[in-house]
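Accompanying notes for the structure given below.
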2 protein chains.
Amino acid sequence: MEYEQLKLENQVCFRLYTAARLTMGAYHPYLDPLGLTYPQYLVLLVLWEQDKQPVNDIAHKLLLETNTVTPLLQRMEKAGLVKRTKGKEDSRQRIVSLTKKGIEMREQAKHIPECLSADIIKNEGSVEEISQMIPTLDKLIEGLKQTEKNP
Amino acid sequence: MEYEQLKLENQVCFRLYTAARLTMGAYHPYLDPLGLTYPQYLVLLVLWEQDKQPVNDIAHKLLLETNTVTPLLQRMEKAGLVKRTKGKEDSRQRIVSLTKKGIEMREQAKHIPECLSADIIKNEGSVEEISQMIPTLDKLIEGLKQTEKNP
DNA sequence: CTAATTTATATCGTTCACGATGCAAAAGTA
DNA sequence: TACTTTTGCATCGTGAACGATATAAATTAG
């Protein structure tokens, strides 16, 4: 068959795309009550590890463009989760810091990872098997990061 | 450490999310010249396997909602790739069929899968290793599909 | 020290992705 | 047959994601 490789069934990328979407969906039961979206949750993960970071650092850690992160942070500021202040040394920078609400949310989010693990176990597929993908995904991501740069 | 599990580094989901985004980005060099986006390419994959399908079938195969697929198809119709006609038996249905342009594009897209494989090989990480994720991703997707249904 | 360049962020336009809602056709029920 | 429910698709609003472009501050070059 000449077009065998164009079959959906044979495509890893489609699976990645779908798995990522459905996974984000699996967060809904836990993030909705907190009024968070998944990308907003990711920003909080970054800030919980280290508060007071410029936009660029956050974007870099999430492998996102700043023009994605900026509106995200604006919405999070409006929601009272973070504040954005001008950098002191470099006044081009916007330093993003957690508000009291943003800090406190960590406590409420503490159990989300294990809840998700439990959900995944419940519906077939072990967490171990999924964790085994980590090194491969990391290599894939690392490779694709390079591809972006080299035309 | 109490919040160890909230570290970005320990999260499979973030890797899936990132890998999926970067992978879609890797399609750009091949899809842009054809004037296609990745989801539009996916719709074409579905239609190339079987022409003349109702919106629902396409959405179901891509695991998307119809309210995502409908505007997608409207844009593809405007681009002259598909046409949408009322179903004969069930007039609620919209049957999506390939135009001449949509059919011919298959020939131009034929080599995209191998191009992508080549790109991935080039930047570290073998295709074999990535293909090994397929069964796990399939189980994960199957599990998450169930989770959607059961509250 | 002025001019050109780079950097950090923001804005805009387009395309997904999806929950909520609407609507008309079909199917099921009384 | 009339009525209710379900189904298939569309519309609307919101939040990403990102290319292109803009702007101001910092850096570098001359």
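Each chain gets a letter, A, B and so on, in the order the sequences are listed, and its residues count up from 1.
For B:K88 and C:dA26, the NZ to C1' distance is 19 Å, given to the nearest whole Å. In this structure, A:E65 places its CD atom 15 Å from P of C:dA10, rounding to the nearest Å. Taking atom OH of B:Y27 as the reference point, atom C1' of D:dC18 lies 19 Å away to the nearest angstrom. Between A:E89 atom CD and C:dT9 atom P there is a gap of 13 Å when expressed in whole angstrom units.
Transitive grouping of hydrophobic side chains (ILVMFWY, heavy atoms separated by less than 4.5 Å) brings A:Y17 and B:L31 into a common cluster.
Remark: B:K101 pairs with no residue by the salt bridge (charged side-chain N to carboxylate O under 4.0 Å, His left out) rule, at least two apart or across chains. A:E9 pairs by the side-chain contact (heavy atoms from CB on, under 4.5 Å) definition with nothing, not counting sequence neighbours.
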*Which parts of nucleotides 7-17 of chain D does protein reach within less than 4.0 Å, heavy atoms only, written one letter per nucleotide 5' to 3' as B for base, S for sugar-phosphate only and - for none?*
BSBSB---SBB

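Rounded to the nearest 0.5 angstrom, A:M133 CE and A:L16 CG are separated by 8.0 Å.
Ring planes of B:Y27 and B:Y38: tilted class, angle from 30 to 60°.
Salt-bridge formation is not detected for the pair A:E142/A:K139: no Lys NZ or Arg NE/NH1/NH2 atom is positioned less than 4.0 Å from an Asp or Glu carboxylate oxygen.
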